[in-house]
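Scroll down for the structure; my scribbles are underneath it.
Just so we're clear, the structure is a prediction, and the values are computed from it rather than from any experiment.
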Amino acid sequence: MNGNVIVGQSGGPTSVINSSLAGVFKTAIDRGANKVYGMIHGIKGLLDNQYVDLSDKLNSTMAIDLLKRTPSSYLGSCRYKLPEINDSKETYEKIFQILKNLDIKYFFYIGGNDSMDTIKKLSDYAKIVNSDIKFMGVPKTIDNDLAITDHTPGYGSAAKFIAATMKEIIRDGVVYDYPTISIVEIMGRNAGWLTAAAALAKSDDCEGVDLIYLPEKVFDVDHFLNKIKELSKSGKSIVVAVSEGVKVADGRFVFELAEHVEFVDAFGHKQMSGTAKFLANKVTAELGTKARAIELSTLQRCAAHMTSRTDITEAYNVGGAAVKAAFEGETGKVVVIKRVSDDPYMSITETADVSKIANVEKKVPLEWITDDDYVTNDLIHYIHPLIQAELSPIMVDGLPRHLKNK
């Protein structure tokens with residue numbers, strides 16, 4: 001092949017995003033790439049000429065294997081929104097000059113919705129200037145909200161962590177001779193895929209969570225309090241799973257009903273935090289019952305000790321599939337996962353036009369959410385194959401070993 005490869009990571013980290021990076025790197029080298037560069041802190045770092053030669057760092061099978069098991073973004077990440085092409089052509093001219101200087105012919109970006117927006121804009125500009133650089137998106141997001149793909153790498157491991165954690169919270173609550181109320185806040189701005197994973201906790205050895213609230217449905221605080229009051233009559237401990245992004249009828253997030261400090265990122269996203277705390281305080285004030293707020297926060301993103309083998313394998317595969325597609329001439333595309341069988345679970349990779357994915361959110365179908373504040377078996381069956389099997393960390397001195405980018 002002619003030319004070099006560059007790859008970057010963007011958006012929130014996951015426990016398997018580096019497996020996709022390994023897939024891009026290994027496949028590119030195996031297919032004859034001369035050099036594979038890594039952007040430091042994504043497209044924002046590239047604009048500042050921050051990049052490394054990955055060929056020097058991932059120069060052994062052990063390093064690549066360790067990279068796959070290392071959580072978070074090895075290359076660093078960013079939340080940087082490229083301007084519209086007509087608003088800042090000089091930004092694109094600078095990027096493409098840097099790519100020319102590095103003799104880049106293939107550009108890969110691992111990320112979610114906002115990252116695919118970057119791929120779309122760069123591939124659109126490439127058409128305008130007749131550049132032969134191939135631009136490919138590699139899917140990643142624990143939110144599982146990318147369109148077209150059956151699911152996204154990162155989601156299965158986060159779902160596994162959530163389901164396991166909910167089982168442990170439930171076990172913790174049943175030890176006393178009096179009821180406890182635990183309200184667990186789970187990530188999910190506009191889509192409830194992660195919170196829905198709490199339903200997997202219910203099994204022959206676990207009672208399961210009592211209530212599940214997703215952002216796809218309007219949240220009614222009074223209805224919630226009445227449900228808690230009714231469940232409390234049973235005398236048993238109560239565990240509630242709630243998405244951080246649930247909203248009341250007037251469109252406000254529940255966390256906005258309490259005093260809070262607001263932070264908004266470059267893409268206009270408000271920082272989510274405080275939903276469980278607000279609801280726990282409300283339960284205590286209105287019902288006179290002690291309630292505990294548990295916010296999983298960033299713990300659910302990079303829990304590599306709970307990595308799903310299915311998830312980490314698919315993450316590696318989508319990275320390799322992106323390289324294969326680009327080397328065969330595709331550009332302006334995103335690798336997607338197609339489920340071909342549930343029992344046994346099987347999936348394949350395809351590519352889809354980035355314009356059909358960038359800035360499009362896939363939400364939980366309303367028919368998968370019940371009227372009694374729970375989710376259907378169809379949703380549980382959808383998630384279940386994605387959390388299967390484990391990949392043990394490489395342990396050193398009793399702790400997981402990670403690959404650090406020095």
Using a distance-only test with no angle check, is there a side-chain donor-acceptor pair under 3.5 angstrom linking Ser55 and Asp53?
yes

Positive for salt bridge (charged side-chain N to carboxylate O under 4.0 Å, His left out) with Asp132, one of Lys127, Lys100, Lys105:
Lys105

Can you check ring-ring contact (aromatic ring centres under 6.0 Å, His included) on Tyr51 and Tyr37, steps first, answer last?
CA-CA 6 Å; Tyr51 52 84; Tyr37 292 101; 5.7 Å; yes

Inter-residue atom distance Leu58.CG - Leu403.CG, 0.5 Å rounding
6.5 Å

Please check if the side chain of Asp311 supplies one atom and the backbone of Ser157 the other of a donor-acceptor pair under 3.5 Å.
yes

Quick check on Lys324: does its NZ atom have over 12 non-hydrogen neighbours (other residues, nucleotides or ligands) under 6.0 Å away?
no

Non-neighbouring partners of Lys134 that pass salt bridge (Lys or Arg N to Asp or Glu O under 4.0 Å), sequence neighbours left out:
none

Are Trp193 and Tyr382 an aromatic pair, judged by ring center distance below 6.0 Å?
yes

Is the side chain of Ser237 donor-acceptor paired with the backbone N or O of Gly173 at a distance under 3.5 Å, no angle test?
yes

Check for a donor-acceptor pair, side chain of Asp172 on one end and backbone N or O of Glu168 on the other, with a separation under 3.5 Å.
no

Using atom types as modelled and distance alone, determine if a side-chain donor or acceptor of Asp48 lies under 3.5 Å from a backbone N or O of Gly45.
no

Residue pair Ser308 / Gln388, side-chain donor-acceptor N/O under 3.5 Å:
no

Is there a donor-acceptor pair under 3.5 Å between the side chain of His41 and the backbone N or O of Ser77?
yes

Considering only heavy atoms from C-beta outward, does the side chain of Ile337 approach that of Glu314 to under 4.5 Å?
yes

Can you tell me if Lys120 has over 12 outside heavy atoms packed within less than 6.0 Å of its NZ?
no

Is Glu185 reaching over with its side chain to a backbone N or O of Thr275, donor-acceptor style, under 3.5 angstrom?
yes

Hey, mind stepping through Thr376 and Asp378 against side chain to side chain donor-acceptor pair (under 3.5 Å) and telling me if it holds?
CA-CA 5 Å; Thr376 67; Asp378 286 339; 4.6 Å; no

Within the supplied structure, the quantity of interest is the number of heavy atoms (other residues, nucleotides, ligands) at a distance under 6.0 Å from Arg401 CZ; does it exceed 12?
no

Over 12 foreign heavy atoms within 6.0 Å of CG, Asp371
no

Rounded distance (nearest 0.5 Å) linking atom CG of Asn4 with atom CD1 of Ile104:
5.0 Å

Minimal heavy-atom distance between Gly154 and Val16, with the atoms involved, is N-CG2, 3.4 Å

Side chain to side chain donor-acceptor pair (under 3.5 Å) for Glu230 and Asn226? Distances and angles first, verdict last.
CA-CA 6 Å; Glu230 190 64 30; Asn226 288 333; over 6 Å; no

Is there a side-chain contact between Val336 and Thr349 in this structure, where contact means two heavy atoms from C-beta onward sitting under 4.5 Å apart?
no

Could you pull out all residues at least two apart from Lys68 that satisfy salt bridge (Lys or Arg N to Asp or Glu O under 4.0 Å)?
none

Decide side-chain contact (heavy atoms from CB on, under 4.5 Å) for Tyr374 and Leu211; before the verdict, give the C-alpha distance in whole Å, the side-chain angles of both, and the deciding distance to 0.1 Å.
CA-CA 6 Å; Tyr374 211 74; Leu211 301 169; over 6 Å; no

Salt bridge flag under 4.0 Å for residues Lys236 and Asp210
yes

Please collect all ring pair (Phe, Tyr, Trp, His ring centres under 6.0 Å) contacts where either partner lies in residues 130-169, sequence neighbours excluded, each pair once.
Phe96-Phe135, Phe107-Phe135

Check whether any side-chain heavy atom of Val246 lies under 4.5 Å from a side-chain heavy atom of Leu214, and answer yes or no.
no

Which distance, rounded to the nearest 0.5 Å, do you find between the CG of Asp373 and the NZ of Lys227?
4.5 Å

Check this for me: Arg292, atom CZ, are more than 12 non-hydrogen atoms of other residues, nucleotides or ligands nearer than 6.0 Å?
no

Sequence-distant partners of Phe108, ring pair (Phe, Tyr, Trp, His ring centres under 6.0 Å), two or more places apart:
none

Between CG on residue Asp342 and NE2 on residue His381, distance to nearest 0.5 Å:
9.0 Å

I'd like to know whether Gln9 forms a side chain to side chain donor-acceptor pair (under 3.5 Å) with Asn18, so could you lay out the CA-CA distance, the side-chain angles of the two residues, the decisive distance to 0.1 Å, and finally the verdict.
CA-CA 9 Å; Gln9 298 168 308; Asn18 289 328; 2.9 Å; yes

Rounded to the nearest 0.5 Å, what separation is found between the CE atom of Met306 and the CD1 atom of Ile162?
10.5 Å

Any side-chain heavy-atom pair from Arg309 and Glu390 closer than 4.5 angstrom?
no

Donor-acceptor side-chain pairing of Ser273 and Glu244 below 3.5 angstrom:
no

Can any side-chain N or O of Ser243 pair as donor or acceptor with the backbone N or O of Gly245 at less than 3.5 Å?
no

Any side-chain heavy atom of Val184 within less than 4.5 Å of one from Val240?
no

Student check: side-chain heavy atoms of Asn190 and Lys247 closer than 4.5 Å:
yes

Ile119 versus Met136: any side-chain heavy-atom pair under 4.5 Å?
no

Answer yes or no: does atom NZ of Lys167 have more than 12 heavy-atom neighbours from other residues, nucleotides or ligands under 6.0 Å?
yes

Should the heavy atoms of other residues, nucleotides or ligands under 6.0 Å from NZ of Lys202 be counted, would the total exceed 12?
no

Ser10 side chain vs Cys78 backbone, donor-acceptor pair below 3.5 Å:
yes

Looking at CG of Asn113 and CD1 of Ile357, how far apart are the two atoms once the value is rounded to the nearest 0.5 Å?
9.0 Å

List the steps and the verdict of side-chain contact (heavy atoms from CB on, under 4.5 Å) for Leu146 and Thr149.
CA-CA 7 Å; Leu146 286 188; Thr149 188; 3.9 Å; yes

Any donor-acceptor pair under 3.5 Å linking the side chain of Lys140 with the backbone of Gly12?
yes

Between Tyr125 and Tyr92, does the ring centre distance come in under 6.0 Å?
yes

Which heavy atom in Leu200 sits nearest to a heavy atom in Ala163, and how many Å separate them?
CB-CB, 3.8 Å

Applying salt bridge (Lys or Arg N to Asp or Glu O under 4.0 Å), name anything that partners Glu84, two or more places apart in sequence or on another chain.
Lys121

Within a strict 4.5 Å, meaning less than it, do heavy atoms of the Val335 and Val138 side chains meet?
no

Ile228 to Ser232 - nearest heavy-atom pair and separation
O-OG, 2.7 Å

What one should report as the nearest heavy-atom pair of Val52 and Ile40 is CG1-CD1, 3.8 Å

Contacts of type ring pair (Phe, Tyr, Trp, His ring centres under 6.0 Å), residue Tyr74, not counting sequence neighbours
none

Any side-chain donor near an acceptor of the partner, Thr351 and Glu330, under 3.5 Å:
yes

With a 3.5 Å distance limit and no angle check, can you tell me whether Ser234 reaches the backbone of Leu231 through a side-chain donor-acceptor pair?
yes

